[in-house]
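Notes follow the structure.
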Amino acid sequence: MKNAVIVEGINFFNIKQILESGQIFRFQKINDTTYIIVAKDKVIKVGHQPNSTSILICNSTVGDLEQIWKPYFDLETNYEEIIDTLNNKDEHMQTAIRFGEGIRILRQDPWEMLISFIISQNNSIPQIKNCIENITRKFGEKLENIDSEIEFYSFPSPEDLVKVSEEELRECKVGFRAPYIMDACKKIIEEEINLNEIFTMKTELARDTLMKIKGVGPKIADCILLFSYGKMEVFPTDVWIKRVIEGLYFEGKEQKLRDIQQFAKEYYGELAGYAQQYLFYYAREHELFKK
DNA sequence: TCGCAGGGACTCG
DNA sequence: CGAGTCCCTGCG
């Protein structure tokens, strides 16, 4: 494989856990230790053996590694410290962390996350992936291939998507979310919302700003804040994590969304986002607290 | 085979 | 607030 780089000395990194913890939709599994990822208008292949401290990244230069992939994979963050702190909370958290201690929270593109999580509402993961792939194939541009078998496309920009009709969007099978996507495009193009400014906003204002877009409620806003803006104190609360928290900390009694958020804020503090990822991955893989 | 629910949010009453 | 509704399709 041409242009492969190796990163050494990385602990708490497991490519399968990172990609299958629900934060990313554009990846393809080759086998348990090899995945293709499409991000930043690039296609890379990542190879990593569990318990190894080195990561192989194909189709990357050393420059890309430093500028793009180290931040993208959150390799600069000290996960040992995060894990130590969360492990002190209780045995549930310890169990969840032991199961998914190689999870890292990716820093993905805000625009792509905005559209992707709008699509995610009341939808299943295979279906979400399909919609996004349809959109990239229809409105994106073909990316340089790393091995001629599969073709990948860039995620279309707001400028690309704003020209698209509702009917064309519906052809991508996004259904009732098509007007939401159009509203997102419109608000970005007309500069009612500037996605870059959200980086510098405090979390509350950032969330309120995102929620001005139709189809973006608290859960989707929090996903965007966590998975692309590095706002680690948010706690995206979907039906799964809600049942997990109710099951572990409220004797299985149903709570209001507000109560779950309040609990997470008090109990996990600025590490709430990480806690959410560990709990979510653990519960889903084991189908705990399934309805 | 077929009906149902799925990582929510909107819109009413 | 609470309940009903929303495209679409993978999965039971």
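All values reported here derive from a predicted model rather than from experimental measurement. Chain A is the first sequence line, chain B the second, and so forth, proteins listed ahead of strands; every chain is numbered from 1.
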Suppose you measure atom P in C:dC7 against the same atom in B:dC2; what distance do you get, rounded to whole Å?
23 Å
Taking C:dG2 as the reference, what is the distance to B:dG7 when you measure between their P atoms (whole Å, please)?
23 Å
Write down the distance between [atom1] ([X]) and [atom2] ([N]), rounded to a whole number of angstrom.
X: A:D183; N: B:dC10; atom1: CG; atom2: P; value: 10 Å
X: A:F235; N: B:dG7; atom1: CZ; atom2: P; value: 17 Å
X: A:R243; N: B:dA5; atom1: CZ; atom2: P; value: 13 Å
X: A:K212; N: B:dC10; atom1: NZ; atom2: C1'; value: 19 Å
X: A:R207; N: B:dA9; atom1: CZ; atom2: C1'; value: 15 Å
X: A:K129; N: C:dC8; atom1: NZ; atom2: C1'; value: 18 Å
X: A:R170; N: C:dT9; atom1: CZ; atom2: P; value: 12 Å
X: A:Y180; N: B:dA9; atom1: OH; atom2: P; value: 10 Å

Residue met sooner reading DNA chain B from 5', once A:V216 and A:Q276 are mapped to nucleotides:
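So the residue in question is A:Q276.
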Within the structure shown, what part of the strands sits under 4.0 Å from [X] by heavy-atom distance: base, sugar-phosphate, or nothing?
X: A:F117; value: nothing
X: A:G215; value: sugar-phosphate
X: A:P236; value: nothing

Where the side chain of [X] is concerned, which of [options] is the nearest nucleotide?
X: A:I220; options: C:dC8, C:dC6, B:dA9; result: B:dA9
X: A:I125; options: C:dC7, B:dG7, C:dC8; result: B:dG7
X: A:Q127; options: B:dG7, C:dC6, C:dC8; result: C:dC8
X: A:C223; options: B:dG7, C:dC7, C:dT9; result: B:dG7
X: A:N123; options: C:dC1, B:dG6, B:dG7; result: B:dG6
X: A:F227; options: B:dG7, C:dG2, B:dG8; result: B:dG7
X: A:K173; options: C:dC6, C:dC8, B:dG6; result: C:dC8

With A:K89 as the cation and A:Y267 as the aromatic partner, state whether NZ or CZ is under 6.0 Å from the six-membered ring centre and within 45° of the axis.
yes
I would like to know whether A:E287 and A:K290 meet salt bridge (Lys or Arg N to Asp or Glu O under 4.0 Å); could you show each step before the answer?
CA-CA 6 Å; A:E287 301 206 322; A:K290 204 175 174 181; 3.5 Å; yes
Donor-acceptor pair under 3.5 Å, A:R177 side chain vs C:dC7 base:
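Yes, the side chain and the base share a sub-3.5 Å donor-acceptor pair.
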Using only heavy-atom distances, decide whether a donor-acceptor pair under 3.5 angstrom links the side-chain of A:N130 to the base of C:dC8.
no
Residue whose closest nucleotide on DNA chain C lies nearer the 5' end, A:K256 versus A:F176:
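It is A:K256, whose closest nucleotide lies nearer the 5' terminus.
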Candidate pair A:E204 and A:R207, rule salt bridge (Lys or Arg N to Asp or Glu O under 4.0 Å), full reasoning:
CA-CA 5 Å; A:E204 279 309 314; A:R207 180 190 285 111; 3.0 Å; yes
Check this for me, if you would: do A:R107 and A:D74 make a salt bridge, where the nitrogen-to-carboxylate-oxygen distance has to be below 4.0 angstrom?
yes
Under a 4.0 Å N-O cut-off, is there an ion pair linking A:R26 with A:E112?
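Yes, charged N to carboxylate O under 4.0 Å.
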If we call it a pair only when both distances are under 3.5 Å in a Watson-Crick or G-U wobble match, what pairs with B:dG7?
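Across all strands, not a single nucleotide pairs with B:dG7.
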If we call it a pair only when both distances are under 3.5 Å in a Watson-Crick or G-U wobble match, what pairs with C:dG2?
B:dC12
With distance as the sole test, does A:D183 use its side chain to make a donor-acceptor pair with the main-chain N or O of A:P179 at under 3.5 Å?
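Flag not set: sc A:D183 to bb A:P179 has no pair under 3.5 Å.
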